[in-house]
Amino acid sequence: MDAGGTAQLRRREMAAAISGAGRCRLSKVGAGRRPPPARVRVAVRLRPFVDGTAAAGEPPCVRGLDSCSLEIANWRNHQETLKYQFDAFYGERSSQQDVYAGSVQPILRHLLEGQNASVLAYGPTGAGKTHTMLGSPEQPGVIPRALMDLLQLTREEGGEGRPWALSVTMSYLEIYQEKVLDLLDPASGDLVIREDCRGNILIPGLTQKPITSFADFERHFLPASRNRTVGATRLNQRSSRSHAVLLVKVDQRERLAPFRQREGKLYLIDLAGSEDNRRTGNKGLRLKESGAINSSLFVLGKVVDALNQGLPRVPYRDSKLTRLLQDSLGGSAHSILIANIAPERRFYLDTVSALNFAARSKEVINRPFTNESLQLRVLAPIKLSQKELVGPSEAKRARGPEEEEIGSPEPTAAPASASQKLSPLQKLSSMDPAVLERLLSLDRLLGSQGSQGTHGLNTPRRERMVLMKTMEEKDLEIERLKMKQKELEAKVLAQEAADPKDKENSSPAVLRPLARRTVTVAKPLKKAVVMPLQLIQEQAASPNAEIHILKKKGRKRKLESLDASEPEEKAEDCWELQISPELLAHGRQKILDLLNEGSARDLRSLQRIGQKKAQLIVGWRELHGPFSQVEDLERVEGISGKQMESFLKANILGLAACHRCDTS
């Protein structure tokens with residue numbers, strides 16, 4: 001049974017290219033046409049038997065057929081084998097140089113073109129992923145070899161006389177239990193993964209170290225590698241408990257016009273291996289780590305399946321690992337997947353699972369493009385003389401008639417100013433007209449060539465000059481008024497100091513300093529006399545009587561005179577009551593009689609006395625005897641001093657008015 005036939009592979013590539021299985025975001029460069037597809041290349045590496053684990057005469061479960069294909073025993077039928085075909089197959093006798101030169105080295109050139117590349121090491125635990133990526137001092141792996149060649153390429157391409165200047169930076173992180181940790185700065189904590197407006201994946205706060213040589217790389221990388229989380233299991237004494245990602249960024253800047261910029265990123269990823277906890281014997285923390293690793297790898301498989309099936313939603317956000325690998329799988333990177341497998345029969349199920357994942361991954365289509373942009377040249381601000389800062393109108397006023405006739409031609413200073421770099425944020429009102437004319441001509445020239453001019457220069461010249469002149473006149477007028485005010489204040493102060501006695505008789509033409517604060521004085525309280533209606537009518541009948549009555553009209557209060565023809569309207573703040581002593585004494589006596597003789601129903605006829613307070617008053621009277629005065633009401637429990645005051649104001653006035661009406 002052939003798992004990767006050539007004809008079937010071509011049909012899948014054509015169908016994926018037509019249906020758009022490879023989804024990526026295009027940059028501004030080359031947005032007119034879609035980038036050509038690039039399939040994920042898959043290489044399989046078979047590690048040799050580990051010393052002491054191979055039994056005598058035990059054959060391997062995997063056997064290589066040629067440099068691109070292999071076969072493995074079918075566990076369902078021992079008479080058959082499963083055949084797989086990949087881009088490269090490296091047997092147990094292959095070296096680190098063979099793996100690097102055959103699969104990784106060819107994609108490094110894409111970084112100098114401003115494109116992204118990624119290398120992933122995938123496989124079960126103990127299959128040799130970390131050895132493939134890191135290696136040993138005697139047999140260096142993919143990471144040290146790739147960095148050595150990449151730094152050599154950047155030195156050659158970015159040397160003197162070359163059109164591009166290149167710089168290289170590195171970042172190193174791990175994904176441990178769904179937490180993104182910076183290995184170069186372990187104290188930074190959990191980092192977040194973001195996506196910019198162009199679809200590029202980035203990590204704010206991730207440490208970036210510039211490197212110019214392989215010694216610089218080792219100085220940063222070796223201490224950071226010791227910060228990676230590792231642990232011992234039954235299958236591996238130094239098992240990786242996290243996914244490690246080394247990010248190398250190559251920035252290019254063009255030395256000559258049009259000053260383009262390019263950015264290429266290289267992801268070197270050492271994935272943690274999937275684990276069977278029944279064989280690894282994980283417990284406690286190791287079991288939790290294993291669950292996080294298997295969960296992220298399961299989401300990785302779902303992403304690959306969704307890309308192959310052309311589903312509208314790809315679950316990149318279901319895991320931090322797949323979110324970070326969004327460019328590598330179905331994105332904009334040249335991707336290499338190195339699947340590591342083991343020959344022992346006890347790893348048979350893990351090996352079959354890894355080969356199936358690799359077979360599905362080679363059907364994923366990426367669309368790499370060049371990350372290129374134009375560099376905005378930073379322009380220095382122009383330095384203007386004092387005459388240019390004052391403005392052309394003030395300069396003409398300051399010059400005499402002889403200078404105006406002769407004139408110092410401003411265009412002589414214009415070349416020196418125009419030769420300097422102009423800032424796009426500089427105020428146009430402080431520029432010389434000659435410089436503005438040159439900027440306008442430059443704007444028209446850029447517009448004719450198809451470039452976007454500065455928005456500040458697109459204003460018509462006549463309107464701009466009128467606006468600038470108006471602003472200058474307003475500024476000068478404000479300055480003159482300030483100076484005049486200071487002179488007047490100084491004159492007044494000097495006059496007061498010379499003759500303080502004539503301060504009041506000073507001439508009214510002299511202006512005094514402006515008052516800084518206005519002080520308002522509260523008006524005295526007005527008084528109103530409230531009298532019974534019959535008394536008011538009697539007084540109104542008599543001649544020359546003038547009595548004031550409170551009337552409410554709308555929201556205002558008016559004081560009306562009974563014999564006056566026009567009402568006198570006043571805005572009064574508050575009023576005070578004035579009652580005759582006889583009426584006040586009679587009101588108190590009537591309230592006292594009610595308190596001593598009235599029932600609870602009679603007490604409720606008083607203002608501010610309800611059912612509860614009436615019962616309290618009756619109970620207190622039965623217990624302590626009659627009230628001697630009205631103020632004894634405060635001794636009743638539940639009646640405070642404030643309530644007593646409001647009670648008196650509300651009841652004495654009404655009872656007194658009733659008594660006045662009865663007597664009249």
Side-chain angles (χ1 to χ4, degrees), residues 522-553 555-564 567-664:
K523 296 181 180 180
L525 299 178
K526 301 296 182 180
K527 297 182 180 180
V529 178
V530 181
M531 303 178 66
L533 183 61
Q534 291 80 358
L535 183 60
I536 294 174
Q537 293 175 354
E538 292 176 1
Q539 294 180 1
S542 63
N544 300 328
E546 185 176 355
I547 303 174
H548 294 83
I549 305 174
L550 279 175
K551 288 187 177 181
K552 186 175 183 182
K553 184 177 181 180
R555 292 188 178 181
K556 296 182 180 179
R557 289 184 177 181
K558 290 187 177 181
L559 287 174
E560 288 189 3
S561 297
L562 296 179
D563 58 347
E568 182 181 0
E569 182 177 346
K570 294 184 180 180
E572 302 296 342
D573 295 329
C574 58
W575 302 87
E576 289 185 358
L577 301 178
Q578 289 187 354
I579 306 175
S580 63
E582 297 177 359
L583 294 177
L584 185 61
H586 184 270
R588 285 178 174 271
Q589 184 62 36
K590 196 167 184 178
I591 293 175
L592 186 61
D593 294 341
L594 281 175
L595 293 176
N596 291 329
E597 299 175 0
S599 61
R601 184 175 181 179
D602 297 335
L603 292 173
R604 287 169 55 187
S605 63
L606 296 174
Q607 298 290 334
R608 307 296 176 88
I609 298 296
Q611 179 67 25
K612 183 177 180 181
K613 290 184 179 179
Q615 293 177 357
L616 290 175
I617 293 173
V618 172
W620 190 91
R621 186 177 62 193
E622 294 176 355
L623 184 63
H624 298 87
F627 293 92
S628 60
Q629 56 182 355
V630 179
E631 282 74 9
D632 292 343
L633 193 61
E634 296 183 6
R635 300 167 61 183
V636 178
E637 184 180 0
I639 300 178
S640 61
K642 291 184 178 180
Q643 294 177 350
M644 180 64 188
E645 183 179 356
S646 62
F647 169 77
L648 291 176
K649 288 182 179 179
N651 291 279
I652 291 178
L653 179 61
L655 294 175
C658 294
H659 173 71
R660 184 72 180 87
C661 293
D662 295 338
T663 57
S664 60

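All of these numbers come straight from a predicted model, not from anything done at the bench.
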Q: Run the side-chain hydrogen bond (donor to acceptor under 3.5 Å, both in side chains) test against Asp593 and tell me which residues pass, sequence neighbours left out.
A: Gln589

Q: Among residues at least two apart in sequence or on other chains, which ones pass side-chain contact (heavy atoms from CB on, under 4.5 Å) with Glu597?
A: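 With neighbours one apart ignored, the set is empty.
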
Q: Measure the CG-NZ distance between Leu616 and Lys613 for me, rounded to the nearest 0.5 Å.
A: 9.0 Å

Q: If you compare all heavy atoms of Phe627 against all heavy atoms of Leu592, which two are closest, and at what distance to 0.1 Å?
A: O-CD1, 3.5 Å

Q: Which heavy-atom pair separates Ala614 from Arg604 by the least distance, and what is that distance?
A: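 Here Ala614 and Arg604 meet closest at CB-CG, 3.9 Å.
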
Q: Suppose we screen for side-chain hydrogen bond (donor to acceptor under 3.5 Å, both in side chains). Which residues come up paired with Gln615, at least two apart in sequence or across chains?
A: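 So Gln615 forms no side-chain hydrogen bond (donor to acceptor under 3.5 Å, both in side chains) with any residue.
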
Q: Give me the atom names and distance for the closest heavy-atom approach of Leu603 to Leu594.
A: CD2-O, 3.4 Å

Q: What's the separation between atom CG in Asp602 and atom CD1 in Ile609, rounded to the nearest 0.5 Å?
A: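 Rounded to the nearest 0.5 Å, the CG-CD1 separation comes to 13.0 Å.
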
